[in-house]
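Just below is one structure, and these are the notes that go with it.
Convention: sequence-line order gives letters A, B, ...; per-chain numbering from 1.
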Amino acid sequence: MRQVKIATWNINSVRMRRLIVERLLNEAAPDVLFLQETKCQDGQFPVADFRKLGYDHVALNGGRGGYHGVAIVSRLPLADVQVREFCEKVGDPRHISAVIGEGNSAFRVHNFYVPAGGDEPDATINPKFDHKLRFLDEMKDFLPTAGGGLPDVVVGDLNVAPHEHDVWSHKALMKIVSHTPIECEKLEAVRSSVGYVDIARRFVPLEEKLYSWWSYRAKDWRAADKGRRLDHIWAHPNMAARVSDFRILKDARDWDRPSDHAPVVVSIEV
DNA sequence: ATGTCCCTGACCCAGGGA
């Protein structure tokens with residue numbers, strides 16, 4: 001019996017933040033790191049830097065490079081890497097998945113970057129919000145059939161803070177994209193379509209404030225603490241009991257030239 | 001709460017995206 005440690009992090013440009021990715025690999029030492037918003041074409045990804053640290057297995061979906069982009073950086077082999085397009089959008093890299101482990105302990109991890117959705121929470125006038133809602137609907141249809149017999153884990157920047165205490169003020173954010181009722185309902189519908197367990201809330205009660213993102217725009221993000229829990233790790237119901245050591249590495253929000261998201265980490269028994 | 005940060009493309013700044 002051993003533990004596989006996984007981390008998910010919206011890095012907001014992997015080239016700009018190569019050094020703090022290395023810091024995470026050195027200090028938190030995940031076996032597998034799932035990145036979102038790499039903003040990097042596959043040929044520009046700093047593969048050699050991570051390989052030096054023992055992360056020999058890299059799977060990329062970077063598209064044309066400027067926007068979005070997801071990646072997997074691993075010191076364990078990655079099998080059957082798959083990339084799926086959502087909402088029939090070409091060049092909109094928001095998903096990559098791979099199988100980790102072997103035999104009875106193998107599982108697939110889906111790494112998602114859900115569309116942010118723009119500012120106006122009205123799908124009739126804001127195409128970005130419409131895209132976000134359609135993306136969530138498509139996830140709900142996709143995931144129940146995506147496992148291929150293996151249990152799976154969903155990680156990533158899902159860009160929705162679904163519960164009251166996943167935001168600094170439920171009342172203030174009810175009409176703000178990321179916490180509107182329709183988004184929260186749709187994200188919960190995705191999760192319950194397979195019965196995934198929201199690992200963060202298995203370890204931290206729903207009544208307790210819990211965030212993974214703090215805006216760059218706050219003067220003192222830590223003092224203001226106006227955060228949102230946008231980054232998630234969900235485990236298949238058959239796997240949830242194998243997940244432990246949940247942490248949000250809030251200190252990384254203060255590293256040199258930080259991302260506005262903090263890494264989320266768990267260990268999985270294999 | 002209109003603030004900050006990163007991208008691209010074109011040229012050291014504007015506009016889009018988050």
Exercise. Take atom P in dG16(B) and the same atom in dA10(B), then report the distance between them in whole Å.
Key: 15 Å

Quiz item: Would you say the side-chain atoms of Glu37(A) and Asn10(A) include a donor-acceptor pair closer than 3.5 Å?
Solution: yes

Practice problem: Compare side-chain N and O positions of Ser13(A) against OP1 and OP2 of dC7(B) and report whether any pair is under 4.0 Å apart. | Solution: yes

Exercise. Please measure how far the P atom in dT2(B) lies from the corresponding atom in dC7(B), and state the result in whole Å.
Key: 26 Å

Quiz item: Minimum heavy-atom separation for Val167(A) to Tyr211(A), with atom names?
Solution: C-CE2, 3.5 Å

Quiz item: Should the pair Arg75(A)-Asp31(A) be classified as a salt bridge under the 4.0 Å nitrogen-to-oxygen rule?
Solution: yes

Practice problem: Take atom CD of Glu120(A) and atom C1' of dG17(B), then tell me their distance rounded to the nearest Å. | Solution: 17 Å

Exercise. Give the rounded distance in Å between these two atoms: CG of Asp260(A) and C1' of dG17(B).
Key: 12 Å

Practice problem: With C1' as the reference atom in both, quote the distance from dC12(B) to dA18(B) in angstrom, rounded to an integer. | Solution: 24 Å

Quiz item: Hey, which of these two, Gly118(A) or Lys39(A), hits DNA chain B nearer its 5' end, going by closest nucleotide?
Solution: Lys39(A)

Quiz item: Could you give the CG-to-P distance, from Asn126(A) to dA18(B), as a whole number of Å?
Solution: 10 Å

Exercise. Specify the residue among Thr38(A) and His68(A) whose closest nucleotide of DNA chain B lies further upstream toward the 5′ end.
Key: Thr38(A)

Exercise. Please determine which of His232(A), His95(A), His68(A) meets the ring pair (Phe, Tyr, Trp, His ring centres under 6.0 Å) test together with Phe112(A).
Key: His95(A)

Quiz item: Where the side chain of Arg217(A) is concerned, which of dT8(B), dC5(B), dA18(B) is the nearest nucleotide?
Solution: dA18(B)

Quiz prompt | Sugar-phosphate only, base, or nothing, as touched by Arg64(A) at under 4.0 Å among non-hydrogen atoms | solution = nothing

Quiz prompt | Short N-O contact, Lys186(A) and Glu183(A), less than 4.0 angstrom | solution = no

Self-check item: dT4(B) OP1/OP2 closer than 4.0 Å to side-chain N/O of Arg253(A)
Solution: no

Quiz item: Considering only dG17(B), dC5(B), dA18(B), which nucleotide approaches the side chain of Tyr113(A) most closely?
Solution: dA18(B)

Quiz item: At under 4.0 Å, does any side-chain N or O of Arg17(A) touch on OP1 or OP2 of dC6(B)?
Solution: yes

Practice problem: Looking at every strand, decide which applies to Lys219(A) at a 4.0 Å heavy-atom threshold: base, sugar-phosphate, or nothing. | Solution: nothing

Quiz item: In whole angstrom, what separates Asp119(A)'s CG from dT4(B)'s P?
Solution: 16 Å

Quiz prompt | Glu37(A) CD to dG17(B) P, straight-line distance once rounded to whole Å | solution = 13 Å

Practice problem: Taking atom P in both dC6(B) and dC11(B), compute the distance separating them and give it to the nearest angstrom. | Solution: 24 Å

